[in-house]
Amino acid sequence: MLGSAAAATGAVAASGCSRVASGNALDRLRSQGTVRLGIAGEVPYGYVDEEGEFTGEAPELAKVVFQRLGVGRVQPVATDFASLIPGLNSQQFDVVSAGMYINKERCEQVIFSDPEYQMLDSFIVRKGNPKNLRSYEDVVRTGARFATGTGYAEIDYAVAAGYPEKDIVILQDQVAGLNAVESGRVDVFAGTALTTREVVKKSSRAEATAPFAAVVDGKKKIDGGGFAFRPTDTELRDAFNTEIHKMKRSGELFRVLRPFGFTEAEMTTLTAEELCR
Ligand SMILES: CC1=N[C@H](C(=O)O)[C@@H](O)CN1
């Protein structure tokens with residue numbers, strides 16, 4: 001079984017954190033013994049499963065890293081994807097733990113760890129892909145009704161391909177996207193290749209297209225997802241990064257992510273610095 005909130009809770013006593021908080025966020029979290037993780041209910045990035053357990057690739061990774069940093073307990077705070085950065089910056093949680101893509105616009109608002117994975121996009125379409133949609137350019141060319149999730153990077157990718165922003169149907173999440181495609185309300189819902197291939201497993205009427213790269217300013221995009229921190233929390237981000245780098249070197253990071261459907265090709269050497277440009 002994947003790690004659980006209960007296991008993380010048990011670790012509080014084990015960690016015995018009684019240090020007094022000083023100015024920096026890491027010391028404060030050590031002293032509290034708890035870190036609040038912002039998640040967006042997106043399988044398999046960060047979600048509450050059918051048994052009520054808080055899990056996902058990012059929370060499971062965060063549990064390991066924070067345990068090693070002396071913070072034994074993780075607490076989920078669920079919100080929609082568009083509210084993750086505002087929620088972080090208004091202190092509703094301490095870290096965005098949702099596999100968020102690292103990009104220039106977001107790097108102006110938060111600081112990121114180096115990415116734990118790299119990813120292409122994919123579409124949810126009706127079975128058989130009747131409009132033959134395999135890229136954002138296909139969506140524009142065919143005038144397909146296009147949807148994606150609130151706050152998703154895929155909004156910008158569709159706009160970069162020439163899709164009118166005002167015509168994009170913005171939905172709560174990938175489950176709403178699947179429902180909208182199945183019912184024929186939209187022709188296509190865009191998300192990460194991992195999100196779409198996971199959510200269509202529940203469907204006999206929809207499928208995920210092969211992964212493809214969005215094209216922005218004439219360049220094919222390979223995205224990388226990481227953890228976001230408040231701009232003042234540089235020590236916390238740096239300490240987190242140190243642990244992530246160790247886990248990458250030892251292969252442990254892939255072992256944590258693999259049960260969530262990641263392939264080895266989705267592991268990455270990209271850095272936040274490169275992705276922020
Ligand atoms: C994990 C994830 N990444 C994309 C983003 O960061 O905008 C969106 O597809 C939403 N979910």
Side-chain angles (χ1 to χ4, degrees), residues 40 42-45 57 81 98-106 115-165 167-171 173-182 184-203 205-226 257-258 260-270 274-275 277:
E42 183 176 5
V43 177
Y45 293 101
E57 62 87 16
F81 201 87
M100 179 177 274
Y101 285 176
I102 301 166
N103 63 32
K104 189 167 188 282
E105 187 189 342
R106 292 171 179 166
E116 72 265 21
Y117 73 88
Q118 66 180 42
M119 189 57 59
L120 298 174
D121 277 357
S122 157
F123 294 152
I124 304 173
V125 290
R126 277 186 296 286
K127 211 72 177 185
N129 197 358
K131 296 210 165 181
N132 203 18
L133 304 170
R134 297 178 195 285
S135 67
Y136 290 99
E137 291 71 28
D138 289 343
V139 173
V140 173
R141 188 176 39 75
T142 57
R145 286 161 303 162
F146 175 83
T148 189
T150 179
Y152 282 20
E154 286 78 3
I155 298 169
D156 291 340
Y157 300 162
V159 171
Y163 200 87
E165 189 162 4
D167 294 343
I168 298 176
V169 178
I170 301 292
L171 299 172
D173 57 23
Q174 73 287 354
V175 177
L178 176 65
N179 293 339
V181 170
E182 285 181 335
R185 185 178 157 217
V186 300
D187 298 306
V188 52
F189 178 90
T192 82
L194 185 54
T195 308
T196 58
R197 72 184 180 238
E198 285 298 315
V199 76
V200 297
K201 285 180 181 168
K202 295 185 192 134
S203 177
R205 285 182 286 158
E207 65 186 39
T209 65
F212 59 87
V215 178
V216 178
D217 296 333
K219 285 190 214 127
K220 285 192 172 182
K221 276 202 73 96
I222 297 177
D223 278 299
L257 264 53
R258 186 165 38 190
F260 294 97
F262 287 89
T263 65
E264 199 149 13
E266 287 163 345
M267 298 301 96
T268 193
T269 54
L270 286 167
E274 291 168 70
L275 293 165
R277 281 185 212 132

- request: Dump the intermediate steps for side chain to side chain contact (heavy atoms under 4.5 Å, CB included) on Arg205 and Glu182, then the final yes or no.
  value: CA-CA 6 Å; Arg205 285 182 286 158; Glu182 285 181 335; 3.7 Å; yes
task: Verify side chain to side chain contact (heavy atoms under 4.5 Å, CB included) between Arg106 and Met100, making sure each step is shown before the conclusion.
output: CA-CA 10 Å; Arg106 292 171 179 166; Met100 179 177 274; 3.4 Å; yes
task: May I have the step-by-step check of side chain to side chain contact (heavy atoms under 4.5 Å, CB included) for Glu154 and Phe189, ending in yes or no?
output: CA-CA 9 Å; Glu154 286 78 3; Phe189 178 90; over 6 Å; no
task: Go through Thr150 and Leu171 one step at a time and tell me if the side chain to side chain contact (heavy atoms under 4.5 Å, CB included) criterion holds.
output: CA-CA 6 Å; Thr150 179; Leu171 299 172; over 6 Å; no
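Remark: Leu275 CG to Thr268 OG1 distance equals 7.5 Å, nearest 0.5 Å. The structure places CG of Asp121 at 11.5 Å from OG of Ser135, a figure rounded to the nearest 0.5 Å. Taken to the nearest 0.5 Å, the NZ atom of Lys201 stands 13.5 Å off from the CG atom of Leu178. In this structure, Met267 CE and Arg258 CZ are separated by 9.5 Å, a value rounded to the nearest 0.5 Å. For the atom pair OG1 of Thr142 and NZ of Lys131, the computed distance is 6.0 Å after rounding to the nearest 0.5 Å. How far CG of Leu133 is from CD of Glu137: 11.5 Å, rounded to the nearest 0.5 Å.
Taking the six-membered ring for Trp and the full ring otherwise, the centers of Tyr152 and Phe81 sit less than 6.0 Å from each other.
Checking side-chain atoms of Asp187 against main-chain N and O of Arg145 turns up a donor-acceptor pair under 3.5 Å. The backbone N or O of Val175 lies less than 3.5 Å from a partner atom in the side chain of Asp173, making a donor-acceptor pair. A donor-acceptor distance shorter than 3.5 angstrom exists from the side chain of Glu266 to the backbone of Thr263, with no hydrogens or angles considered. One N or O on the side chain of Arg197 and one on the backbone of Gly261 form a donor-acceptor pair closer than 3.5 Å. Glu207 places no side-chain N or O within 3.5 Å of a backbone atom of Arg126 that could act as its donor or acceptor partner. Side-chain N or O atoms of Tyr163 include one that pairs as donor or acceptor with a backbone N or O of Phe146 at under 3.5 Å. Between the side chain of Thr195 and the main chain of Gly191, no donor-acceptor pair closer than 3.5 Å is present. Side chain of Thr209 to backbone of Phe123: a donor-acceptor contact under 3.5 angstrom is found.
Salt-bridge annotation for Glu274 and Arg277: absent, with no side-chain N of the basic residue lying under 4.0 Å from a carboxylate O of the acidic one.
Between the side chains of Thr196 and Gln174, no donor-acceptor pair of N or O atoms lies under 3.5 Å. Under the 3.5 Å distance criterion, with hydrogens and angles disregarded, no donor-acceptor pair is assigned to the side chains of Tyr117 and Asp223. A donor-acceptor pair shorter than 3.5 Å can be found between the side chains of Tyr45 and Thr192.
In this structure the side chain of Ile155 reaches within 4.5 angstrom of the side chain of Ile168, judged on heavy atoms. Using a 4.5 Å heavy-atom cutoff, the side chains of Val215 and Lys219 are not in contact. Side-chain contact check for Val199 versus Val43: every heavy-atom pair is 4.5 Å or farther apart.
Nearest heavy atoms, Ser122 versus Ala193: CB-CA, 3.6 Å. Residue Ala161 comes nearest to Val140 through the heavy atom pair O-CG2, 3.4 Å, listed as atom of the first residue, atom of the second, then distance. Across every non-hydrogen atom of Val181 and Ala206, the tightest pair is CG1-CB, 4.4 Å. Across Ala265 and Gln118, no two heavy atoms sit closer than the pair O-NE2, 3.6 Å. Nearest approach of Ala153 to Asn103, heavy atoms of both residues: CB-ND2, 4.4 Å. Val188 and Ala144 get closest at one heavy-atom pair: CG1-CB, 4.5 Å.
Counting heavy-atom neighbours within 6.0 Å of Ile222 CD1, excluding the residue itself, gives a total of 12 or less.
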